[in-house]
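Below is one structure, written out as structure tokens; the observations come after it.
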Amino acid sequence: MGNIIRIGACLPRLRLDRRAMAQAMGWLVQGAGAGRGTRTLGFWDEDSVTLAVEAARAALAGDRAESLSFCTTTPPFAEPQNAALIRAALRLPGLCRTQDCTGTPRATLLALHAALETDATALIAAGDRLVAQAGSLAEARMGDGGAAVLTGPGEGLFTCLGGASLSLPFLHRSRASGSDTALDWEERWQREAGYQTQIPAAIAAALDRAGVAAEAVDHLVLPCPIPGTGAAVARNAGLGNARLAADLADHCGDTGTAHPLMMLAAALPQVAPGQLVVLAQLGQGATALVLRAGEAVRNHPGLPGLDTGIPESNYLKLLAFQDRLDWDRGLRGRYIVPEAQSTAFRNAEALLGFVASRDPSTGQIRFPPRADEAGEVWPLADRGGRLATVTADRLAYSRHPPSCYGLVDLNGGGRLMMDLTDPDAAELAVGDALHFVFRVKDIDQNSGFRRYFWKAVRDTAQV
Amino acid sequence: MATGLKDKVAILSMGCSRFGERWDMGQEDLMREAYAEALTRAGIDPQAIGAAWYSSHYDDIGAGKSGVPMAMALDLPDIGVTRVENFCAGGTEAFRGAVFAVASGSVDIALAMGVEKLKDTGFAGLPTASRGMLVPMYLPTHTNPGNFAQLARAYEAVHGIARSDLKRAMAHTSMKSHANAVANEKAHLRKPITIEQAVQAPLVADPLGLFDCCPVSDGAACALVTTPEIARALGQAEPVLVKAIQIVTSNGWEAQQQGWNGAYVHTTRRAAAAAYAEAGIADPRRISLTELHDCFSITELVTLEDLSLAEPGTAWRAMLDGRFGADGAQPCQIDGGLKCFGHPVGASGLRMLYEAWLQLTGQAGPRQLGTASTALTHNLGGAPAQNVCSVTIVGL
């Protein structure tokens, strides 16, 4: 069995207050905005692909992977394969085997289970920007996020001792192809016939394969959006001694395919080396993995960004960002985003991988890179930079006006006019330190085609 | 060894349409309006024109590519028409083509025309220009107010100018141009404004407000150029002569490397130095009048410095002191400039030369300056970080 080397996670910065959701929709739908606290709200240019990329950057920390599984229930593209874009953004080798894993939030644990059955260095990158009917319980409980793990033969956070995946035609949630929102069946049935039955069955099989007694388990990490279910599951599975990992409901909500890894990352500060963790999730059956913590969990900071969000009390931003509101974009908003696939492919390393060129004779860095000279490949994604000029433009079309952009002096040389993103971009000033994130560049309003590029955000780590 | 253009070519005549929201006219009509004026003033037969240059920027809302739309609109006499496009410097680029043709001895009389029909887009401001397939994949969705707002923010940062002082100086710049345009019957905007109105106007791109931005206008302007000898033979005792034309185009240094501080326009400094050398001008402050590319109030302030008409970091104060007003020591935008005459992109360079020619030949009517012997026009196409700049000097 393989090991989990590293976990990365990415939470969008906006935190939508559930009281605002209740206020906006509660008069119409009972249960709108149910629960306490906040849920994450992906910015307009964040989607499952960008969230997975950011999480994967943290999980890789410069390492390579032999395979990449992109796990999501909200792929931006039905075709092409989304993982191919993610591989290019992460600049993993071309021979990295890529696949999309979808259809259930359990896709992540299914891919992880398969990877841990081998010694392969595999990247499992999950991301979801979930959509539910306006005012629904699901909308209040869910959140947007990305999480990733790197597996391999080396020392890491966890060693997998055994795992089991159970498949059942249990359709507690269904969504037809072409439909944006799912239908959830009765919650009591989900809880009793689903969580409290299928999860214990998978856990029993996994423990058996791992040769571990139920009472030896120290932690249970189980995403379940139905409050209070985890304790009943632990009881039914005989994990009476296990500590239930926080479900993060009050902070970010259930982030779908990302959530098992999100909860595992958040639980790390409570896990001691040598302890046993069961990681499980439901979805047309269940997967359970038995993990033994390694030395690397000691002093782990946990889930970054959990408590540093930006409060948001405007529910309409959720509908606008998810393109579910026919708002007045003005004539400037009616532009075509040409696919230009041959151009995009020819420049894929520059555009998706964010690579410039360096002229060895002059030292000049250029973006777009010069392909016609003996220029060195000069990756930019992890360099960061400083803002040289800036504006907040109220005339340019933007899905979150004003449109903020400016010249960025790239650390190590070179300069590029870049979009500045995130809700607080307008506060950036000349001289501010920046780091770069992979985001949606444009979305065509008619075809739905989207393209990606790198943008700049404030870097709080750089002084 | 190149000897430059000085005194080799004369402006025989010029024409300019009324600028503004010309809902009743297409680009062909606008060109005909300007052309008719130039022909009447020149008193020549169109058959005497040997070659023509045609500037327009937007293909998608304009008359289309090539020289054909102009040759057809003006019924030109089976001559070569070359279409040029160089952003907002296109008009000057067309003029340069015509001047080169005469200076080379290739033709006796050449025509340069610039036109733009902008008010068929359905919205205010310039449309996003097509930049091919690759560039929009990484460049932000920017506007020109956004591009030049960055110049303003760098200018105040580099020179330590308080936002309130800069806003007031920019407002004064626009107020001055509005006041000048009242006397210009061809101007797009002919209503005076107050400094307070400009300071308090809604922001378009921080810190530029509505009155810091020039309008987009429909319009056309043209020049007929010839040799000084032919101009005199046609009755012009003291024709306006071309002293210098210099165009400098960004090569990526400002936008891709880190040497430029964002508070000036590199190409303007280079073009100005070359133009002063070509024209033999030692002290630019003695130029009688200037028509600058005041697409935004901040552009005018920074350009005054880049042209050495004010010391770096001081133009804002000199503007507030009235040095560039109609009765100041260095009148600037006497016709209202881009700010009020209007800005039909491909025509603006020729519109500036139209005013320079009127002033130098004493035909400027109620806005005629006392004695004018030299004039400078300046175009800036693109963004401060990446642009085409032209500096032209004409004189008696």
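Numbered from 1 within each chain, the chains take letters A, B, ... in sequence-line order.
Looking at Met417(A), the atoms closer than 4.5 Å to chain B (heavy atoms on both sides) sit in the backbone and in the side chain alike. Heavy atoms of Glu254(B) lying under 4.5 Å from chain A belong exclusively to its backbone. Residue Asn144(B) does not touch chain A at all, counting heavy-atom pairs closer than 4.5 Å. Heavy-atom distances place no part of Ala157(B) under 4.5 Å from chain A, backbone and side chain included. For chain B, the nearby parts of Leu416(A) are the backbone and the side chain; heavy atoms of each come within less than 4.5 Å. Residue Val430(A) does not touch chain B at all, counting heavy-atom pairs closer than 4.5 Å. For a residue to count as touching a neighbouring chain, one of its non-hydrogen atoms must lie under 4.5 Å from one of that chain's; by this rule Ala350(A) does not touch chain B. Contact of Asp409(A) with chain B is made through backbone and side chain together, with heavy-atom distances under 4.5 Å. When heavy atoms are compared at a cutoff of 4.5 Å, Pro136(B) approaches chain A by way of both its backbone and its side chain. Interface residue Glu339(A): only backbone heavy atoms are found under 4.5 Å from chain B.
Considering CZ of Arg332(A) and OG1 of Thr121(B), their distance stands at 7.5 Å, rounded to 0.5 Å. Atoms OG1 and CD, from Thr362(A) and Gln257(B) in turn, are 7.5 Å apart once rounded to the nearest 0.5 Å. Between the CG atom of Leu351(A) and the CG atom of Leu134(B) there is a distance of 5.5 Å, given to the nearest 0.5 Å. Considering CE of Met133(B) and OG of Ser342(A), their distance stands at 7.5 Å, rounded to 0.5 Å.
Within 6.0 Å of CZ on Arg317(B) lie no more than 12 heavy atoms contributed by other residues, nucleotides or ligands. A 6.0 Å sphere centred on CG of Asp326(A) holds no more than 12 heavy atoms belonging to other residues, nucleotides or ligands. Residue Phe123(B) places its CZ atom among more than 12 non-hydrogen atoms of other residues, nucleotides or ligands, all under 6.0 Å distant. By the neighbour-count criterion of 12 heavy atoms within 6.0 Å, atom CZ of Arg270(B) is sparsely surrounded, having that number or fewer from other residues, nucleotides or ligands. Other residues, nucleotides and ligands contribute at most 12 non-hydrogen atoms within 6.0 Å of the CD1 atom of Ile336(A). Few gaps surround CZ on Arg163(B); more than 12 heavy atoms of other groups in view lie less than 6.0 Å from it.
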Quiz item: Could you go step by step and tell me if Asp442(A) and Thr141(B) meet the side-chain contact (heavy atoms from CB on, under 4.5 Å) rule?
Solution: CA-CA 9 Å; Asp442(A) 297 294; Thr141(B) 307; 4.0 Å; yes

Quiz item: Would Asn147(B) and Thr391(A) satisfy side-chain contact (heavy atoms from CB on, under 4.5 Å), going step by step from the backbone distance to the final call?
Solution: CA-CA 7 Å; Asn147(B) 290 333; Thr391(A) 188; over 6 Å; no

Practice problem: Would you check, one step at a time, whether the test side-chain contact (heavy atoms from CB on, under 4.5 Å) holds for Tyr138(B) with Met418(A)? | Solution: CA-CA 8 Å; Tyr138(B) 64 87; Met418(A) 293 184 74; over 6 Å; no

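The most heavy-atom pairs under 4.5 Å with chain B, out of Tyr397(A), Tyr452(A), Phe367(A), come from Phe367(A). Interface check for chain B: of the options Ile365(A), Val390(A), Leu410(A), Asn347(A), the most heavy-atom pairs under 4.5 Å are formed by Val390(A).
In this structure, Leu139(B) and Lys441(A) approach most closely via the heavy-atom pair O-NZ, 2.8 Å. Smallest separation of non-hydrogen atoms from Leu395(A) and Thr143(B): C-CG2, 4.0 Å. Of all non-hydrogen atoms in Gln150(B) and Leu407(A), the two that sit nearest each other are OE1-N, 3.7 Å.
The backbone N or O of Gln256(B) sits nowhere less than 3.5 Å from a side-chain atom of Arg415(A) that would complete a donor-acceptor pair.
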